[in-house]
Amino acid sequence: MTGIRLYNTRTRTKEDFAPIDSANVRMYVCGPTVYDRAHLGNARPVVVFDTLFRLLRHEYGPDHVTYVRNFTDVDDKINARAAEMKAAGDARPLEAIIRELTDGTIGWYHADMDALGALRPTIEPRATEFIGQMIAMIAGLITTDHAYVKEGHVLFRVRSYCDYGRLSGRSVDDMIAGARVEVAPFKEDPMDFVLWKPSTDDLPGWESPWGRGRPGWHIECSAMSHELLGESFDIHGGGIDLQFPHHENEIAQSMCAYPHGDFARVWMHNEMLQVEGKKMSKSLGNFFTVRDLLDQGVPGEVIRFVMLSTHYSKPMDWTAEKAAGAEATLRKWRTMTFRSKADTITPAEFIEALADDLNSHQAITLIHKFARQGNGGAVLACARLIGLLTPELGDWFTFGEGTVSGDERIDEISMVRNEARQKGLYEFSDELRDMLIEIGVGVFDNKFSSAAYFEAENLKRTLQSEAWSFWRSGEIGKAKEIAAQAAEAGLKIYVDEDGPSAVTGIDEIKAQGFFERKILNILKRAREIRLEMGVPQ
RNA sequence: GGCGAGUUGGCGGAGAGGUUACGCAGCGGAUUGCAAAUCCGUGAAGACCGGUUCGAUUCCGGUACUCGCCUCCA
């Protein structure tokens, strides 16, 4: 077994990883608030910790790792969204609207993260199913004087936990000095945070010793991790933005409520994602969801590859150029491993790279090396360990051996071309090749055979991705130029106030009259050529 | 204002106190009838100023710049 080393934010050092119980390695990762589609930034921790999950499963066995990732389905953003829906005329009770909203969003989340090749965690608890445990935990904190009740709120007394601020390297006094938060008048100390807050009748609420109310944000992770993973567990992960205050508050609550436990031993934080060099935000207009990218034709596998090509501890810049490069690499690897079978043993140096604080970039470099050596078995074994080159993610990849056009007319034309080439009658095969290329069918020849496939899907992806890139940087004129270029190729890209959209794919192309007309012309010509070559019909 | 991360060749992006990163692009070559693809080879770096050292891009200190968190968006 390879020794795993992980950078622990808590100690600010890279440490040897030694699970509390190697028969049950336990990891908790903060999951999404389910009120809207997951954006690309949400996807980074998912891919990072999925990769860690896969490594742990590889090292300790698939049945010996418990990965918990929560759904936050009680939150003021959700309430606000539900209130909007109600204001827009939805007559149902608030609870019903919220349930539908959160259920629907969870469904989207699963679909989008599945598309990135992320395994489902072992347990995906919903906050609303653990309200009882939260109330019990809060009550305990009041009993031990770590929390107090004021005006229907329960607040955590930050000064009661001497290590408060240790995770994020801040002291309570420094934070107050530089504070930008408005201080609620009922707080004993400006840094005290809410464990429980009262709900008015138009908000979801649960009965509690402090009246009808709802939990503060931080308590859910403490309550759920305790319930599902125990007082001490191995790894707690999330984005670096959660380090303060969320994780700091989790530690304070959990350590005070369960002083005999260690809570989480290793804290891991992924750095933030940027887009074309800038923070992704709604105000900058460069905000987009995973689904947006998928709909633009960027394969989930490409997104995953780009995510893994930068070490998780560094800011990652999403660019159209990187996506194009990732697609080219994956295409190359998928082509070269087309006939390979994954080795049963993954090369040790690959595992070592991953085990070194999840150095996925080094791991990818090694796959390049195996690819260069023509070692398809190793390429597949390694890539699949980090969730790449899996059969499930291969839908976008169409090029294979022989004729894979999926269209028997194109196959027939290819056969005629092959016959012509074997007879040395290149002018015939070139004539047919040029005709195919004109209607968007790519042709690859080698010594023995030729392959033909639709290029429209590729072209569509490339052009739309480029158009989006311009759109995001405000160069709408250039985006429209791309659209015009696409039109020449028979692909329709509309650029309106929502960005480039409504792209015609190969099915639409085939449905257009020109394709059917032209392919029949080419087929007719191919049959003529066959006769000219003296092959009986 | 407080806290943190980063600054590597044309671009992206790693590791290692002294020896080729790697990928893309470029250049040169090979090969396939042509095209595409593929393969081989190759130039090019370490923000700036000090310090430690026989030797630093790698360790330490400072300066500049960039980015992020502390504020609804991760």
Side-chain angles (χ1 to χ4, degrees), chain A residues 9 12 30-33 35-36 38-46 48 72 75-77 80-81 165 167-182 191 238-248 269-274 277-284 287 289 305-306 308-311 313-319 321-329 331-333 335-336 353 356-357 359-369 371-374 399 420-427 429-430 433-434 437 442-448 450-453 455:
Chain A
T9 314
R12 289 167 200 270
C30 293
T33 301
Y35 71 106
D36 205 351
H39 60 68
L40 194 61
N42 298 123
R44 191 172 189 199
V46 172
V48 165
T72 300
D75 180 274
D76 287 346
K77 290 192 287 285
R81 183 62 56 94
L167 177 75
S168 51
R170 304 153 196 243
S171 77
V172 176
D173 293 321
D174 283 350
M175 284 186 277
I176 292 170
R180 289 187 180 183
V181 281
E182 269 184 58
M191 297 313 293
I240 189 73
D241 55 309
L242 297 177
Q243 185 187 34
F244 184 87
H246 184 55
H247 291 161
E248 199 71 72
H269 291 101
N270 62 276
E271 253 292 350
M272 298 289 97
L273 176 129
Q274 298 172 18
K278 288 181 179 147
K279 181 190 172 174
M280 181 167 79
S281 72
K282 285 172 180 164
S283 55
L284 286 173
F287 184 94
T289 65
F305 185 100
V306 172
L308 292 177
S309 63
T310 299
H311 191 255
S313 67
K314 293 207 167 173
M316 199 212 85
D317 197 13
W318 173 270
T319 63
E321 194 185 347
K322 276 190 195 175
E327 184 170 331
T329 300
R331 185 173 297 281
K332 191 162 104 179
W333 288 352
T335 303
M336 75 150 301
D356 181 14
D357 196 28
N359 193 339
S360 53
H361 188 280
Q362 179 62 26
I364 287 174
T365 297
L366 288 168
I367 301 178
H368 276 297
K369 186 177 107 178
R372 213 180 322 119
Q373 293 168 349
F399 174 58
R421 289 174 66 230
Q422 276 157 26
K423 288 172 188 284
L425 301 169
Y426 297 116
E427 64 276 19
S429 68
D430 289 357
R433 181 189 68 203
D434 294 344
I437 288 172
V443 173
F444 289 157
D445 291 345
N446 64 36
K447 205 166 194 167
F448 309 103
S450 92
Y453 74 104
E455 281 188 317

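Every chain is numbered from 1 and lettered A, B, ... according to where its sequence line falls, protein lines coming before strand lines.
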Please state whether the base of B:C39 and the side chain of A:Arg372 form at least one donor-acceptor pair under 3.5 Å? no
Give the rounded distance in Å between these two atoms: NE2 of A:His247 and P of B:C69. 15 Å
Which part of the nucleic acid, if any, lies within contact of A:Ile364, taking any heavy atom under 4.0 Å across all strands shown: a base, the sugar-phosphate backbone alone, or nothing? nothing
Selection from B:C11, B:A14, B:C22 that lies nearest to any side-chain heavy atom of A:His368: B:C22
Of the nucleotides B:U7, B:G68, B:G4, which has the atom closest to the A:Arg12 side chain? B:G4
Of A:Ser309 and A:Arg433, whose closest RNA chain B nucleotide lies nearer the 5' terminus? A:Ser309
In which ranges does RNA chain B form stems of 3 or more consecutive Watson-Crick or G-U pairs, distances under 3.5 Å? B:1-7 with B:64-70, B:10-12 with B:22-24, B:26-30 with B:38-42, B:47-51 with B:59-63
Between B:G4 (P) and A:Lys279 (NZ): distance, integer Å: 19 Å
Within this structure, what is the NE2-to-P distance between A:His269 and B:C3, rounded to whole angstrom? 19 Å
Euclidean distance, atom CG of residue A:Asp317 to atom P of B:C67 [Å, nearest integer]: 12 Å
Looking at CG of A:Leu308 and CD1 of A:Ile364, how far apart are the two atoms once the value is rounded to the nearest 0.5 Å? 5.5 Å
Spacing of A:Lys369 atom NZ relative to B:G15 atom C1', expressed in whole Å: 14 Å
Can you say whether the rings of A:Phe287 and A:His39 are parallel (under 30°), tilted (30 to 60°) or perpendicular (over 60°)? perpendicular
For the pair made of CD1 in A:Ile240 and C1' in B:G6, what is the distance, rounded to whole Å? 13 Å
Side chain to side chain contact (heavy atoms under 4.5 Å, CB included), that's the test. Do A:Met272 and A:Met280 meet it? Break it down for me. CA-CA 9 Å; A:Met272 298 289 97; A:Met280 181 167 79; over 6 Å; no
Phosphate contact (B:G23 OP1 or OP2) by A:Lys332 side-chain N/O below 4.0 Å: no
If you assign each of A:Gly325 and A:Met316 to its closest nucleotide in RNA chain B, which residue comes earlier from the 5' end? A:Met316
To the nearest angstrom, the CG-C1' distance between A:Asn270 and B:C69 comes to 13 Å
Residue that, paired with A:Ser168, satisfies side chain to side chain donor-acceptor pair (under 3.5 Å) out of A:His247, A:Glu248, A:Gln243: A:Glu248
Side-chain contact check for A:Met272: nearest option of B:A14, B:G68, B:C73 is B:G68
Can you measure from NE2 (A:His361) to CG (A:Leu366) and round to the nearest 0.5 angstrom? 11.0 Å
Would you mind classifying the nucleic acid contact of A:His39 as base, sugar-phosphate or nothing, using non-hydrogen atoms under 4.0 angstrom? base
Give a yes/no answer on whether the side chain of A:Lys77 brings an N or O atom under 4.0 Å of OP1 or OP2 in B:C73. yes
Confirm from the modelled atom types if A:Asp430 and B:G33 form a donor-acceptor pair under 3.5 Å, side chain to base only. yes
Residues forming a ring pair (Phe, Tyr, Trp, His ring centres under 6.0 Å) with A:His246, sequence neighbours excluded: A:Trp217, A:His218
Looking across every strand, which nucleic acid part, if any, lies under 4.0 Å from A:Ser429 by heavy atom: base, sugar-phosphate, or nothing? base
For A:His368 and A:Trp333, what are the C-alpha separation, side-chain angles and deciding distance, and is it a side chain to side chain contact (heavy atoms under 4.5 Å, CB included)? CA-CA 9 Å; A:His368 276 297; A:Trp333 288 352; 3.7 Å; yes
Counting any heavy atom closer than 4.0 Å, what does A:Gln274 reach on the DNA or RNA strands: base, sugar-phosphate only, or nothing? sugar-phosphate
Please confirm whether the shortest side-chain N or O distance from A:Lys322 to OP1 or OP2 of B:G13 is below 4.0 Å. yes
Which part of the nucleic acid, if any, lies within reach of A:Asn359 when heavy atoms closer than 4.0 Å are counted: base, sugar-phosphate only, or nothing? sugar-phosphate
Which part of the nucleic acid does A:His361 contact within heavy-atom distance under 4.0 Å: base, sugar-phosphate only, or nothing? base
Determine the minimum heavy-atom distance between A:Asn359 and A:His311, stating which atoms define it. CA-CD2, 3.9 Å
